[in-house]
S.K.: 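Dumping the structure here so I can ask a few things about it.
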Amino acid sequence: MKGIYDKVVDLATRRGFFWPSSRDIYAGAPAGFYVYGPLGLRMKEKIVSLWRRKIIIPEGVHEIETPNVLPLKVFEASGHLEHFFDKLVECRRCHSRFRVDKLIEEELGITENLEGLSDDSLLKLIYDNEIKCPKCGALNWTDIKKFNLMFTISVGAETDEPNAALRPETTQGSVVEFRKSFMVMRGKLPFALAQIGRVFRNEISPRRALIRMREFQQLEVHIFFDPEDPDEVYEDRLEPLLDYKLRFLRREDRETGKIVEMTAREGLETGYTINKLITYWLVIYQKFFNEALGFPLERLRYRELIEGEKAHYALAHWDLEIYTDDLGWVELVNNAYRTDYDLSGHMKVSGNDLSVQSNDGTRKVLPHLYEPSIGLDRVIFHELMVAYREDGERTWLQLPRYLAPVEVGVFPLLRRDGLPERAREIYNELIEKGFIAFYDESGSIGRRYRRMDEIGTPVCVTVDHQTLEDNTVTMRDRDTMKQIRVPITRLPEKISRFLNSNVPIEELID
RNA sequence: GCGGCCGUAGUCUAGCCUGGACAGGAUGCCGGCCCUCCAAGCCGGAGACCCGGGUUCAAAUCCCGGCGGCCGCACCA
């Protein structure tokens with residue numbers, strides 16, 4: 001018996017949501033790169049536009065777009081270079097891996113900087129001091145291997161040495177452009193930027209379809225705020241949400257896996273969620289994933305990261321995770337309080353002052369950064385996982401109606417008696433009204449319904465003989481297979497109401 | 001990147017051990033027939049041995065290497 005995961009991957013490939021890049025033609029294409037087919041791309045666009053409509057615009061966030069390629073200097077400042085080029089050795093006996101500098105520092109108790117040393121001197125240090133594998137006690141190390149998790153490139157004709165890299169996160173673009181954006185938009189703190197962008201990580205082992213890729217897409221918001229006054233603006237916005245229950249896996253519940261429900265108020269009062277700004281964003285992201293993207297609350301949690309798991313820049317860090325039986329808990333959103341780590345790094349490396357004026361004009365402020373970062377591809381994959389249904393008879397995707405890549409199927413019941421012509425007219429009308437419609441007259445009517453079910457099309461309109469007599473058509477619901485009959489003139493209005501709500505189809509009857 | 005298992009049409013699979021003729025089937029897909037509402041039936045069609053090298057008169061089959069997939073470890077900034 002195959003799991004849902006395999007079925008979703010099959011369905012996605014078969015019906016054109018996504019598939020691995022280049023494989024059909026060039027064997028041996030590297031893993032971790034995916035093509036979005038027409039259906040997947042449309043879903044992606046719908047999710048992006050939902051995020052814009054529900055988060056970016058109402059929250060007054062300024063969306064910008066920065067290049068994928070940035071100079072290495074940027075990543076020196078951000079700390080990525082240091083953390084991306086870890087030097088590791090592996091124990092030949094038990095295959096455990098260790099960072100060379102950590103190993104030496106811990107075993108010899110020295111704290112001096114080992115960064116300047118060559119690989120040979122580091123190895124010599126290990127063998128001279130007979131540093132054994134902390135796990136199995138063997139003294140049999142591999143050569144030092146470098147982990148280069150960024151894609152570095154050489155920009156310009158005369159350069160051989162890498163001088164730039166594909167960005168591993170969109171954040172640095174926003175940080176580097178923060179001050180400029182703040183100025184041109186006549187900003188006040190807190191000041192929020194957003195980016196939709198592709199990012200690149202040379203993962204050691206890309207796996208699980210869209211879950212771990214080497215090129216993927218992030219939807220990030222970067223909120224720069226005055227650490228001495230983070231709450232002013234958020235006081236009012238948070239007020240009506242204070243009783244909203246956030247779901248946390250706290251660090252102390254890690255062992256038991258117990259999820260604690262904590263109202264926004266409790267989070268604030270106990271200091272767990274730090275300040276109003278962060279609390280507010282935790283609330284609206286949980287709400288967005290639950291209410292807009294349609295993930296059930298019981299499948300969602302904020303997992304508090306502990307030391308060692310947290311990114312090098314983060315003071316506090318929660319992953320918004322989703323649960324499926326096949327994949328367990330998977331991170332969808334990385335919510336990090338990065339303090340002024342990034343801005344001060346860029347100040348140091350570039351020598352430029354990146355601080356701005358406080359709102360009352362009395363202080364210079366180096367803002368802190370809070371960043372919720374959505375892994376878009378994982379969201380799409382989980383929409384499919386959570387929506388997948390089968391009952392032995394039928395396979396269908398119970399997607400939120402407004403996220404379905406095809407919104408309405410239009411069919412003639414039979415391919416004669418003028419039914420196809422009438423159906424095409426209706427199809428054209430719906431297209432003109434802005435619906436994503438799909439016309440199909442091949443095979444039997446049942447087969448066409450099933451095909452639409454399989455890609456999650458919420459409603460199908462069928463033209464039959466009665467249509468020719470009284471200008472009514474049937475509307476058929478994907479989830480219940482129930483049908484109602486409506487006048488063609490009312491069709492756009494009915495479909496629109498159906499797509500943008502959860503009402504049962506029967507309620508559309510006048 | 002390490003270890004284990006694995007790689008035949010979109011998907012599932014027969015053949016591989018024991019080398020031999022156009023690689024067989026199911027489903028899906030495309031065209032047609034039939035058809036008054038949920039993958040019916042009939043006719044026709046396109047579609048595959050992961051890649052490279054080796055052994056051999058002959059390789060889907062045996063050997064080596066690479067790539068990819070799953071699981072575990074590590075990694076996930």
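Here the structure is a predicted model, which means the values were calculated and not measured. Proteins get letters first, then strands, A, B, ... in listed order; numbering begins at 1 in each.
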S.K.: Taking only the side-chain nitrogens and oxygens of A:Ser444, find out if one of them lies under 4.0 Å from OP1 or OP2 of B:C35.
M.R.: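 So the side chain of A:Ser444 is outside the cut-off, no N or O lying under 4.0 Å from OP1 or OP2 of B:C35.
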S.K.: Quote, to the nearest angstrom, the P distance that separates B:G24 from B:A60.
M.R.: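 To the nearest whole Å, 14 Å.
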S.K.: Could you verify whether a donor N or O on one side chain and an acceptor N or O on the other, from A:Ser78 and A:Arg167, lie under 3.5 Å apart?
M.R.: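 Per modelled atom types, A:Ser78 and A:Arg167 side chains form no pair under 3.5 Å.
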S.K.: Send over the distance from A:Arg15 CZ to B:G10 P, rounded to a whole Å.
M.R.: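 The distance from CZ of A:Arg15 to P of B:G10 comes to 16 Å, rounded to the nearest Å.
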S.K.: Does A:Arg207 put a side-chain nitrogen or oxygen below 4.0 Å from OP1 or OP2 of B:C71?
M.R.: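 So the side-chain polar atoms of A:Arg207 never come under 4.0 Å of the phosphate oxygens OP1 or OP2 of B:C71.
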S.K.: Using the P atoms only, state how far B:G53 lies from B:C71, rounded to an integer number of Å.
M.R.: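 Looking at atom P only, B:C71 and B:G53 are 32 Å apart.
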S.K.: Quick one: is B:C29 close enough that its OP1 or OP2 comes under 4.0 Å of any side-chain N or O from A:Arg447?
M.R.: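 Affirmative; the distance criterion is met.
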S.K.: Would A:Arg301 and A:Trp329 count as a cation-pi pair here, with the cationic atom under 6.0 angstrom from the ring centre and within 45° of the axis?
M.R.: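 So A:Arg301 does make the cation-pi contact.
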S.K.: When rounded to the nearest 0.5 angstrom, what distance separates CD in A:Gln195 from CD in A:Glu220?
M.R.: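 It comes to 7.5 Å.
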S.K.: Across all strands shown, which nucleotide pairs with B:C67 by Watson-Crick or G-U wobble geometry, both distances under 3.5 Å?
M.R.: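 Looking at the geometry, B:C67 pairs with B:G7.
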S.K.: For A:Glu203 and B:C75, give me the distance from atom CD to atom C1', rounded to whole Å.
M.R.: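 It is 8 Å, rounded to the nearest whole Å.
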S.K.: How long is the line joining CG of A:Asp6 and P of B:C6, in whole Å?
M.R.: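 That distance rounds to 17 Å.
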S.K.: When you match A:Gly32 and A:Glu169 each to their closest nucleotide on RNA chain B, which lands nearer the 5' end?
M.R.: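 Final value for this comparison: A:Gly32.
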S.K.: I'd like to know if the side chain of A:Thr171 pairs up with that of A:Glu371 as donor and acceptor (distance under 3.5 Å, no hydrogens or angles considered).
M.R.: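 Yes - a donor-acceptor pair under 3.5 Å links their side chains.
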S.K.: Give the nucleotide from the list B:A39, B:U36, B:C38 with an atom nearest to the side chain of A:Gln483.
M.R.: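 Nearest to the side-chain atoms of A:Gln483, counting from C-beta on, is B:C38.
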S.K.: State which of B:C38, B:U36, B:C76 makes the closest approach to the side chain of A:Leu414.
M.R.: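 Ranking B:C38, B:U36, B:C76 by closest atom to the A:Leu414 side chain puts B:U36 first.
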S.K.: For A:Glu65, look at atom CD and say whether over 12 heavy atoms of other residues, nucleotides or ligands are found less than 6.0 Å away.
M.R.: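 No, CD of A:Glu65 has 12 or fewer neighbouring heavy atoms, counting only those of other groups under 6.0 Å.
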S.K.: Rounded to the nearest Å, what distance is computed from the CG atom of residue A:Asp464 to the P atom of nucleotide B:C35?
M.R.: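 From A:Asp464 CG to B:C35 P: 17 Å.
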S.K.: Do the side-chain N or O atoms of A:Arg208 get closer than 4.0 angstrom to the phosphate oxygens (OP1, OP2) of B:C71?
M.R.: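 Yes, because at least one side-chain N or O of A:Arg208 sits under 4.0 Å from OP1 or OP2 of B:C71.
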S.K.: If you measure from the C1' atom in B:C17 to the same atom in B:C76, how many Å do you get, rounded?
M.R.: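 My reading of the C1' atoms in B:C17 and B:C76 gives 42 Å.
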S.K.: How is A:Arg450 classified with respect to the nucleic acid when contacts are heavy atoms under 4.0 Å: base, sugar-phosphate, or nothing?
M.R.: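 If one applies the 4.0 Å heavy-atom cut-off, A:Arg450 turns out to touch a base.
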S.K.: Give me the distance, rounded to whole Å, that separates B:C67 from B:A14 when you measure between the C1' atoms they each carry.
M.R.: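 Taking atom C1' in both B:C67 and B:A14, they lie 26 Å apart.
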S.K.: Please give the distance between the C1' atoms of B:G68 and B:C50 as a whole number of Å.
M.R.: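 After rounding to an integer number of Å, I get 7 Å for this pair.
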S.K.: Could you check how far CE of A:Met213 sits from C1' of B:C75, rounded to whole Å?
M.R.: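 Going from A:Met213 (CE) to B:C75 (C1'), I get 18 Å.
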S.K.: What is the base-pairing partner of B:C73, counting Watson-Crick and G-U wobble geometry with both distances under 3.5 Å?
M.R.: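 Partner of B:C73: B:G1.
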S.K.: Please give, in whole Å, the distance from B:U36 C1' to A:His465 NE2?
M.R.: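 Between C1' of B:U36 and NE2 of A:His465: 7 Å.
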S.K.: Between B:C38, B:C76, B:G68, which one does the side chain of A:Met481 approach most closely?
M.R.: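 Nearest to the side chain of A:Met481 among the choices is B:C38.
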S.K.: Between A:Ser344 and A:Leu366, what is the shortest heavy-atom contact and its length?
M.R.: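 Heavy atoms only, the tightest pair is CB-CD2, 3.8 Å.
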S.K.: Could you state the atom-to-atom distance from CZ of A:Arg415 to P of B:U36 in whole Å?
M.R.: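 So the two atoms are 14 Å apart, to the nearest Å.
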S.K.: For A:Thr13 and for A:Ser442, locate the closest nucleotide of RNA chain B by heavy-atom distance; then report the residue assigned to the nucleotide nearer the 5' terminus.
M.R.: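 Nearest nucleotide further toward 5': that of A:Thr13.
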S.K.: Rounded to whole Å, how long is the line connecting atom CD of A:Glu390 with atom P of B:U11?
M.R.: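 These atoms are roughly 18 Å apart.
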S.K.: Report the C-alpha separation of A:Phe411 and A:Tyr449 in whole Å, then their side-chain angles, then the decisive distance to 0.1 Å, and conclude whether the ring-ring contact (aromatic ring centres under 6.0 Å, His included) test is met.
M.R.: CA-CA 9 Å; A:Phe411 314 136; A:Tyr449 285 143; 5.7 Å; yes
S.K.: Using Watson-Crick or G-U wobble geometry with both distances below 3.5 Å, tell me the partner of B:C17, or none.
M.R.: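 With both distances under 3.5 Å required, B:C17 matches none.
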S.K.: Give the nucleotide from the list B:C37, B:C76, B:G10 with an atom nearest to the side chain of A:Thr462.
M.R.: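 Of the candidates, B:C37 comes closest.
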S.K.: Report which part of the nucleic acid A:Glu331 touches: base, sugar-phosphate, or nothing (heavy-atom distance under 4.0 Å, all strands).
M.R.: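 It contacts nothing in the nucleic acid.
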S.K.: Give one of base, sugar-phosphate or nothing for A:Arg212, where a contact means two heavy atoms less than 4.0 Å apart.
M.R.: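 If one applies the 4.0 Å heavy-atom cut-off, A:Arg212 turns out to touch a base.
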S.K.: Expressed as a whole number of Å, how far does the P atom of B:A23 sit from that of B:G47?
M.R.: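 Each nucleotide's P atom is 12 Å from the other's.
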S.K.: Suppose you measure atom P in B:U27 against the same atom in B:A40; what distance do you get, rounded to whole Å?
M.R.: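 To the nearest whole Å, 11 Å.
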S.K.: With respect to the side chain of A:Tyr5, which nucleotide from B:C70, B:C76, B:C35 is positioned closest?
M.R.: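 Side chain of A:Tyr5 sits closest to B:C70.
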S.K.: Provide the distance between the two C1' atoms, one in B:A9 and one in B:A46, to the nearest whole Å.
M.R.: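 After rounding to an integer number of Å, I get 10 Å for this pair.
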S.K.: Considering just the side-chain nitrogens and oxygens of A:Arg394, establish if one lies under 4.0 Å of OP1 or OP2 belonging to B:A39.
M.R.: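 No.
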S.K.: Whether A:Arg451 contacts B:C29 is assessed here as follows: a side-chain N or O lying under 4.0 Å from the phosphate OP1 or OP2. Is that the case?
M.R.: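 Answer yes for this pair, as a side-chain N or O of A:Arg451 is under 4.0 Å from OP1 or OP2.
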S.K.: Using purine N1 to pyrimidine N3 plus N6-O4 or O6-N4 for Watson-Crick, or N1-O2 and O6-N3 for G-U wobble, each under 3.5 Å, what pairs with B:C42?
M.R.: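 For B:C42, the partner nucleotide comes out as B:G32, under the 3.5 Å rule.
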S.K.: Under 3.5 Å, is there any donor-acceptor pair linking the side chain of A:Thr474 to the base of B:C37?
M.R.: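 Looking at the base of B:C37, it does pair with a donor or acceptor on the side chain of A:Thr474 (distance under 3.5 Å).
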S.K.: Looking across every strand, which nucleic acid part, if any, lies under 4.0 Å from A:Glu393 by heavy atom: base, sugar-phosphate, or nothing?
M.R.: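 Base, at least one base heavy atom under 4.0 Å.
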S.K.: My understanding is that only one of A:Arg447, A:Arg476, A:Arg448, A:Arg389 makes a salt bridge (charged side-chain N to carboxylate O under 4.0 Å, His left out) with A:Asp453; could you say which?
M.R.: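 Single pass found, and it is A:Arg476.
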